[in-house]
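Structure record follows, encoded as structure tokens.
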Amino acid sequence: MFRDSGAVDQGRGVGKGGPLGFVRVRFAPSPTGYLHIGGVRTALFNWLFARREKGAFILRIEDTDQSRSTEEAICAIVEGLQWVGLDWDEGPLRQTDRMELYRQHALALFEQGLAYWCVCSAEELEARRKEAQAKGLQPGYDGRCRDRGIAKPSGDAALRFKAPRDGQTVIEDLIKGRVVFENSLLDDLIILRSNGYPTYNFSVVVDDALMGITHVVRGDDHLTNTPRQIPLFQALGFAIPRFGHLPMIMGADKTRLSKRHGATSVLAYREMGYLPDALVNYLVRLGWSHGDQEIFSLAELIDKFSFDHVQKSAAVFNPEKLLWMNAQYIKNGEQKRIAELLLPFLEQAGLGEAVKKAPTGWAERFVLALRERSQTLVEMATAAGTYLRDEIEIDQAAATKFLTQVIVPSLEKLTGRIEASSDFAVPALDQIFKQVLEEDGLKMGQLAQPVRVALTGRTASPGLFEVMELLGRERTLARLRKGIEQAKAGK
RNA sequence: GUCCCCAUCGUCUAGCCUGGCCUAGGACGCCGGCCUUUCAAGCCGGCAACACGGGUUCAAAUCCCGUUGGGGACGCCA
């Protein structure tokens, strides 16, 4: 399942090349569920930046929460990224494979007096936090173990970092610009839990440093983590990477995008018949722009992407625009590729066998006829039933309106002529049709609609001759005959 | 509660840094028209925004301050 990670030197030096040098970015999801659409956008911006700068994009799985991480989630992340075409140069690396590194670095901080053992229990801390909050005080850790000088805790103990108590931590954010935090507002965070596992804020720092990450680009929900991480980089003696905090994606009600707003799993979009390139194009425009341009090829995105034009404010996810985008990609995509992507959907619709039996090139002709009328592959596959099944249902209202007795003679004439013709190609059909119109003094619409209803059961369809071509000669004739029967029985 | 971020049509955004070219442009959606064998697609047109209040300036969507509103963070989650 995992691609070969290649030679990953875990002990690699820090920020090789430094600024202006080789760019190394990462996407670091925690495997606690499916791959979220917001995660994909974060990954995308990182990937685009890496590709543009000819740097490396690294996939790292942050699975230090053993109670919530699952293998399924890791598979979903990998599969989701692969589907949208975001390939990584290193990884997936898993933090649980690197536990020793975190422990070593944490203990090193302790040795240097930059961290201390805290024997306050989780319950006590929780109680104190609630109490402080009730009184309207700072909910953070009060630092009571900071100066106890516990050298070797007997029972459970967590290792805390001695965070700086004064001064400021300044971030020159790639997107938000300069952001300043007062160190006095930060408490001493736990870096090693009592179970020996590192906490997030510590493992990210160790990994980002050891992996030589030059630019940390993540959601802006992490902005307030940054002033806790920067002192850690410094304490550990690592170079500090650049940071960039992307705005969040929200639902229509301006709350954080969640299941309540519809599908948020990338793979759900695959199932709903979206093209990966359409989703990518939509997502990149959610927060990034290049003048008035809406549609971008991947090559263009790589060429044009820059953090300068990333929006600072959160964006509302608009499913309708995504649908439009998808329709654009279906309409303008390479016919053959669309046909290939459509195949699984046809199979799912129970039409797999029928397509195989259809004449060569049928699927591509079908795509050509339907692509301007379909917004998703699911829609397209659904429409295929009309052309691939022997029996169709004729819409009652359509039949009543168009399959009437007056049109029967013309329908019969048309059917007879088609049957008698050895040529079933579009020009020949066109010729036959026009002739019948002329002879019977009919206008196009007067005959076209009844024929359409007979052929497709509906009043809306692609051009008639395309429809006939898709149905094939035998099926076309059979449906015309059936239509005539129904017209005779009508009014 | 405290800290941080943000603020242009319903939504995504251009413009803001380097004030005048902005009568604020584009896109989705919506409405109307054209095209037309139907439905689409396409094309044309319409509705629709600088959150508010103060400054600065000859001039502010653009710069400054405040207010309001929205979002995020305050875990032995990530």
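Only the P atoms considered, C9(B) is 31 Å distant from C58(B), to the nearest whole Å. With both ends at atom C1', the span from A61(B) to A51(B) equals 12 Å, rounded to whole Å. Across A49(B) and C12(B), the matching P atoms stand 16 Å from one another, rounded to whole Å. Rounded to the nearest Å, the gap between the C1' atom of U62(B) and that of A7(B) is 14 Å. Rounded to whole Å, the C1' atom of C4(B) lies 48 Å from the corresponding atom of C44(B). Only the C1' atoms considered, U67(B) is 23 Å distant from A73(B), to the nearest whole Å. Nucleotides A78(B) and G70(B) have their P atoms positioned 31 Å apart, rounded to a whole Å. For the C1' atoms, the distance from U13(B) to A59(B) is 27 Å, rounded to whole Å.
Ring-plane geometry between F305(A) and F45(A) is classed as tilted, the angle between the planes lying from 30 to 60 degrees on a 0 to 90 degree scale. Using cut-offs of 30° and 60° on the angle between ring planes, the pair F243(A) and F233(A) is perpendicular.
Looking at heavy-atom distances under 4.0 Å, S194(A) makes contact with a base. As judged by a 4.0 angstrom heavy-atom cut-off over every strand, S313(A) is placed among residues touching the sugar-phosphate backbone only. Among the atoms of the strands shown, only primed sugar atoms or phosphate atoms (P, OP1, OP2) are found under 4.0 Å from some heavy atom of Q328(A). At a threshold of 4.0 angstrom between heavy atoms, the contacts of Q293(A) with the nucleic acid are absent. As judged by a 4.0 angstrom heavy-atom cut-off over every strand, F317(A) is placed among residues making no nucleic acid contact.
Pairs of residues two or more places apart, or lying in two chains, never qualify as ring pair (Phe, Tyr, Trp, His ring centres under 6.0 Å) while including a residue from residues 162-190 of chain A.
As the counterpart of C39(B), no nucleotide is assigned, since no Watson-Crick or G-U wobble pattern has both distances under 3.5 Å. Nucleotide A24(B) forms no Watson-Crick or G-U wobble pair with any nucleotide shown, as no partner meets the under 3.5 Å limit on both distances. Under the Watson-Crick or G-U wobble criterion, with both distances below 3.5 Å, A14(B) has no partner in any strand shown. Across all strands shown, U68(B) forms a Watson-Crick or G-U wobble pair with A7(B), both key distances being under 3.5 Å. Pair assignment for U62(B): none, as no Watson-Crick or G-U wobble contacts are both less than 3.5 Å. In this structure G45(B) sits in a base pair with C31(B), meeting the Watson-Crick or G-U test at under 3.5 Å. Nucleotide C77(B) is matched to nothing when pairs are restricted to Watson-Crick or G-U wobble geometry with both distances under 3.5 angstrom.
Looking at N326(A), its side chain never comes within 3.5 Å of a backbone N or O of A278(A) through a donor-acceptor pair. Judged purely by atom type and a 3.5 angstrom limit, D63(A) uses its side chain to pair as donor or acceptor with the backbone of T96(A).
The local environment of CD in E439(A) is crowded, with over 12 non-hydrogen atoms from other residues, nucleotides or ligands closer than 6.0 Å. The local environment of NZ in K304(A) is crowded, with over 12 non-hydrogen atoms from other residues, nucleotides or ligands closer than 6.0 Å.
Of all nucleotides in RNA chain B, those with any atom nearer than 4.0 Å to a heavy atom of chain A start and finish, going 5' to 3', at G1(B) to A78(B).
Within the 4.5 Å cutoff, no side-chain heavy atoms of Q328(A) are placed close to those of Q375(A).
Between D220(A) and A28(A), the one whose closest nucleotide on RNA chain B sits nearer the 5' end is D220(A).
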